[in-house]
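Comments concern the structure below.
In this text, all values refer to a predicted model and were calculated from it rather than measured experimentally. Quick note: numbers below take in every heavy atom, side chains included, and nothing from hydrogens, waters or symmetry partners.
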Amino acid sequence: MKSIKSNMINQKIITFLLFLVFSNLGFAQTNQNWNWLIGNWEGVGNGKPGEGKGVFSFEYQLDQNVILRKSHSEYPSRDSKK
């Protein structure tokens, strides 16, 4: 009986370790796929309830292992006494 439990525990451990190894393989991509995204961007929108605009940028950080997004949005003030 003890042997069956140890085999089940060993199988679970092996399955977990294999999951960790194969799940990390998907993240090992080169940064060349994201070069089109790097830079400054601007967005403008209008409609209800009003207009707004924003700027944002993407840049590589941490030896090109992370892409950092910075953003700033502007919306016109609304008259709240309508």
Side-chain angles (χ1 to χ4, degrees):
M1 188 73 168
K2 188 174 183 180
S3 154
I4 293 173
K5 283 187 178 181
S6 357
N7 284 339
M8 289 179 66
I9 291 173
N10 287 340
Q11 287 178 345
K12 287 182 181 181
I13 291 172
I14 290 172
T15 302
F16 178 72
L17 292 174
L18 287 174
F19 173 76
L20 286 178
V21 168
F22 287 114
S23 64
N24 285 328
L25 289 178
F27 294 107
Q29 298 178 1
T30 62
N31 291 336
Q32 295 174 358
N33 295 335
W34 298 102
N35 285 337
W36 62 272
L37 187 62
I38 303 302
N40 297 317
W41 298 78
E42 181 177 343
V44 178
N46 57 16
K48 292 188 178 182
E51 296 181 0
K53 74 175 189 175
V55 293
F56 54 97
S57 65
F58 294 96
E59 62 183 56
Y60 287 120
Q61 293 286 319
L62 299 174
D63 294 328
Q64 295 193 347
N65 290 312
V66 174
I67 295 177
L68 177 69
R69 180 181 188 258
K70 295 179 184 177
S71 63
H72 176 77
S73 300
E74 294 180 4
Y75 300 98
S77 61
R78 289 181 23 183
D79 183 18
S80 61
K81 298 183 181 183
K82 287 187 176 181

Test side-chain contact (heavy atoms from CB on, under 4.5 Å) on Ile67 and Ile38 and set out the steps. CA-CA 8 Å; Ile67 295 177; Ile38 303 302; 4.3 Å; yes
Shared ILVMFWY cluster between Trp41 and Val55, side chains joined below 4.5 angstrom? no
Verify same cluster id: Val44, Phe56 (apolar side-chain graph, 4.5 Å):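 In one cluster with Val44: Phe56, no.
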Measuring from atom [atom1] of [X] to atom [atom2] of [Y], what distance do you get when rounded to the nearest 0.5 angstrom?
X     : Y     : atom1 : atom2 : value
Asn35 : Gln64 : CG    : CD    : 7.5 Å
Glu42 : His72 : CD    : NE2   : 11.0 Å
Tyr60 : Leu68 : OH    : CG    : 13.0 Å

